[in-house]
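What follows is one structure encoded as structure tokens, with my remarks underneath.
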Amino acid sequence: MLGTHRHLRGLVGGVAVVAAVAAGAAAHASAAPAPAANGAAAPAATTQKVLFDDTKAETAGNADWIISTSIPDPTKQNASPSKETDWTGALSAWGVALQKTGDYTLDTLGSGNTITYGTGGALDLKNFNTFVLDEPNNQLSAAEKTAVMQFVQNGGGLFLISDHKGSDRDNDGWDSPQVIQDLMSNNGVDNNDPFGVSDDDLDISSGTPTAINDSSDPVLNGSFGKVTSSEIDSGTTWTLHPSDNANAKGLLYTSGSSGNTGVFFATSTYGSGRVAFWGDSSPVDDGTGESGNTLYNGWNTDSNAALALNATAWLGGGSSGGGTGGTTAGSTTGTTSGTTSGTTSGTTSGTTTGGTGGCTSGQLLTNPGFESGTSGWTATSGIINTATKEPAHTGSYKAWLDGYGKATTDTASQSVSIPSGCTTANASFWLHVDTAETSTSTAYDTLKVQVLNSSGTVLGTLATFSNLSHNTGYAQHTYSLAAYAGQTVTLKFTGVEDAQDQTSFVVDDTAVNVS
């Protein structure tokens, strides 16, 4: 272990108390938020709000991509569903599974409505954590595409489910691969492959795509089960473009495929939000729905149910929930889940010289996962450690800022040169926040993520987190550094804790990816 980390709060009989800690001890408080001093439980995490779309002919022809015929509120059909047939729709198993956890609020944007962001309407995307577009068959309008992109950019989760080439259910000249690709390439916010993923527009008749071996991935190893495989029954695949977005990642591949091609299920990030891509609608079809539709039960095949549910939980983990400020419900646990309500705030100013010409794609930070201790980092003594009370996201080491229950300021920083020729530069990190604070409105303890010049002047604040951002596991956050191309800057984490009630800000697996 490199250094020690002392902590002044423990849990005795469920009550937070000040504890004397021996010199050199590395113990912190439990990762679970402590109860209030009067014995009351700490506030529960906010429910995830998921909106399913039915404005783009999702029920045209034999399709039935709805969770219930009761629109917008499926609970009006059955308030306490226990089986998929308690709601009517080919996605009812998906909806019922989420509803039964008690951690989700579900709605459907019905036919005749418009997809909006920031208008104040009850079904506006800003009120939701996740938006599901399952096989959209009509082109989104220019305003709708902008709304979706702003939703993701500001922390929302977008679930895009394609189908095969030629699956034009209503014969309007648009099928789902075209609709999805148009959204990603002609949206008015970022038309340059913002997610680093493109739809291959294929018609693959059958197959059993398999998952990569990644025990730390929250979609493959979420609380709804382990994902090993899916199925393709007349679907398509995706191609990754890491030079456009370094966070694009393939999770399941068709037989014989790997790397950037033949991807059946992918994830990516954009701004503060997250995106998931599935190449076929058959896996989420539960075989039940409205009379007269030809449906196929893929939900109970392979790992399809776990994949859909884990992905839904992960998508809700963007840094601001699309504008709601909500945190992920407690259905996803462990070291690969949870959300924060951190807010992005700063703008950039001033100039700094440095950097190099041209651009070679890659990751620029030294020792990004802290596994070599303080190498590459300037940090408060003892905060880069292996203390097991706050486990690392991966490996053994992480940077554990604050958590003392007394007035403390901890920092960790590293200088990095952003090549002038790079058009994409993203800083990312995984963050876990646990707190003994019980307030649901006051930020007593804060973590700022900032960019500084060589003189120590703050050029921009990428994000501010607080005790209100507490979560049950780690959540990844990504912010653009493109404004600093051609400059040598310092990426700095600063945790400030007040005089009582600990808040721990645990940072791991940092990166600055450029392309």
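This is a predicted model, so every value here is computed, not measured. The residues of the chain are indexed from 1 along the displayed sequence.
Side-chain contact annotation: T239 with D200, donor-acceptor N/O pair under 3.5 Å present. A donor and an acceptor atom, one from each side chain of T228 and S303, are located under 3.5 Å apart. Looking at N467 and T435, their side chains never bring a donor and an acceptor atom within 3.5 Å of each other. The closest side-chain donor-acceptor pair between D280 and H164, if any, does not fall under 3.5 angstrom. For the residue pair N426 and N513, no side-chain donor N or O sits within less than 3.5 Å of a side-chain acceptor on the partner. A side-chain donor from one of N304 and S230 sits under 3.5 Å from a side-chain acceptor of the other.
The CG atom of D508 lies 12.0 Å from the CZ atom of F429; values are rounded to the nearest 0.5 Å. Here the OG atom belonging to S92 is positioned 11.0 Å from the CG atom belonging to N78, to the nearest 0.5 angstrom. Note: L481 CG to L462 CG = 6.0 Å, rounded to the nearest 0.5 Å. In this structure, OG in S176 is found 12.0 Å from CD in Q181, a value given to the nearest 0.5 Å. Of the inter-residue distances, the one linking L125 atom CG with K49 atom NZ reads 11.5 Å to the nearest 0.5 angstrom. The distance from the NZ atom of K492 to the NZ atom of K448 is 11.5 Å, given to the nearest 0.5 Å.
Taking the six-membered ring where the residue is Trp, the centroids of F52 and W94 are separated by under 6.0 Å.
Listed here is the closest heavy atom pair of A211 and V227: CB-O, 3.6 Å. For the residue pair Q476 and R274, the shortest heavy atom distance occurs at N-NH2, 3.1 Å. The two atoms that bring G157 and F151 nearest to each other are O-CE2, 3.3 Å, heavy atoms only. The two residues N221 and D214 have their closest heavy-atom pair at ND2-O, 2.8 Å. Between A511 and Q363 the shortest heavy-atom distance is CA-OE1, 3.5 Å. The nearest pair of heavy atoms linking E231 to F264 is O-CZ, 3.1 Å.
F131 pairs by the ring pair (Phe, Tyr, Trp, His ring centres under 6.0 Å) definition with nothing, not counting sequence neighbours. Remark: F505 pairs with no residue by the ring pair (Phe, Tyr, Trp, His ring centres under 6.0 Å) rule, at least two apart or across chains. Listed by chain and residue number, F277 satisfy the ring pair (Phe, Tyr, Trp, His ring centres under 6.0 Å) test with W238 (two or more places apart in sequence, or in another chain). Residues that satisfy the side-chain hydrogen bond (donor to acceptor under 3.5 Å, both in side chains) test with D509, not counting sequence neighbours, are H393, T394.
When atom types are taken as modelled, the side chain of N293 and the backbone of L295 share no donor-acceptor pair closer than 3.5 angstrom. Between the K100 side chain and the S82 main chain, a donor and an acceptor come within less than 3.5 Å of each other. Y270 contributes no side-chain N or O that, together with a main-chain N or O of D190, makes up a donor-acceptor pair within less than 3.5 Å. Put simply, the side chain of D193 never gets that close to the backbone of D244: no donor and acceptor are under 3.5 Å apart. The backbone N or O of G89 sits nowhere less than 3.5 Å from a side-chain atom of E290 that would complete a donor-acceptor pair. With hydrogens and angles disregarded, a donor-acceptor distance shorter than 3.5 Å links the side chain of T146 to the backbone of A142. T510 contributes a side-chain N or O that, together with a main-chain N or O of P368, makes up a donor-acceptor pair within less than 3.5 Å. Without hydrogens or angle criteria, S141 side chain to E144 main chain gives a donor-acceptor distance under 3.5 Å. Judged purely by atom type and a 3.5 angstrom limit, D54 has no side-chain atom pairing as donor or acceptor with the backbone of T108. In this structure, the side chain of D134 does not engage the main chain of W65 through any donor-acceptor pair within 3.5 Å.
Looking only at side-chain heavy atoms (C-beta outward), L109 and D107 stay at 4.5 Å or farther from each other. Using a 4.5 Å cut-off on side-chain heavy atoms (C-beta onward), D170 and N138 make contact. A 4.5 Å side-chain heavy-atom check between I115 and L140 finds at least one atom pair inside the cut-off. The shortest distance between side-chain heavy atoms of L220 and N310 does not fall below 4.5 Å. Side-chain contact check for S162 versus T236: some heavy-atom pair is nearer than 4.5 Å. By the 4.5 Å heavy-atom criterion applied to side chains, V50 and V132 are counted as neighbours. A 4.5 Å side-chain heavy-atom check between S70 and W87 finds every atom pair outside the cut-off. Counting only heavy atoms from C-beta outward, the side chains of F265 and L307 approach each other to under 4.5 Å.
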Quiz item: Run the side-chain contact (heavy atoms from CB on, under 4.5 Å) check on T208 and D302 step by step: do they pass?
Solution: CA-CA 8 Å; T208 306; D302 298 289; 3.8 Å; yes
Self-check item: H241 and S198: CA distance, side-chain angles, deciding distance, side chain to side chain donor-acceptor pair (under 3.5 Å) verdict
Solution: CA-CA 8 Å; H241 305 280; S198 61; 2.8 Å; yes
Practice problem: Walk me through it: do T312 and F224 pass the test side-chain contact (heavy atoms from CB on, under 4.5 Å)? | Solution: CA-CA 10 Å; T312 307; F224 291 100; over 6 Å; no
Exercise. Check the pair L431 / F465 against side-chain contact (heavy atoms from CB on, under 4.5 Å), numbers first and verdict last.
Key: CA-CA 10 Å; L431 174 67; F465 304 90; 3.7 Å; yes
Practice problem: Go through the steps for T130 and L51 under the test side-chain contact (heavy atoms from CB on, under 4.5 Å), then give the verdict. | Solution: CA-CA 6 Å; T130 302; L51 182 66; over 6 Å; no
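Note on K56 versus E135: no salt bridge recorded, every NZ/NE/NH1/NH2 to OD/OE distance being 4.0 Å or above.
Listed by first and then second residue, the salt bridge (Lys or Arg N to Asp or Glu O under 4.0 Å) pairs that reach into residues 171-182 are K145-D182, sequence neighbours excluded. Every pair passing salt bridge (Lys or Arg N to Asp or Glu O under 4.0 Å) that includes a residue from residues 71-84 is listed here, sequence neighbours excluded: K83-D86.
Around atom NZ of K249, more than 12 heavy atoms belonging to other residues, nucleotides or ligands sit under 6.0 Å away.
Partner of R169 under the side-chain hydrogen bond (donor to acceptor under 3.5 Å, both in side chains) criterion, out of T59, N137, D163, N62: D163 alone.
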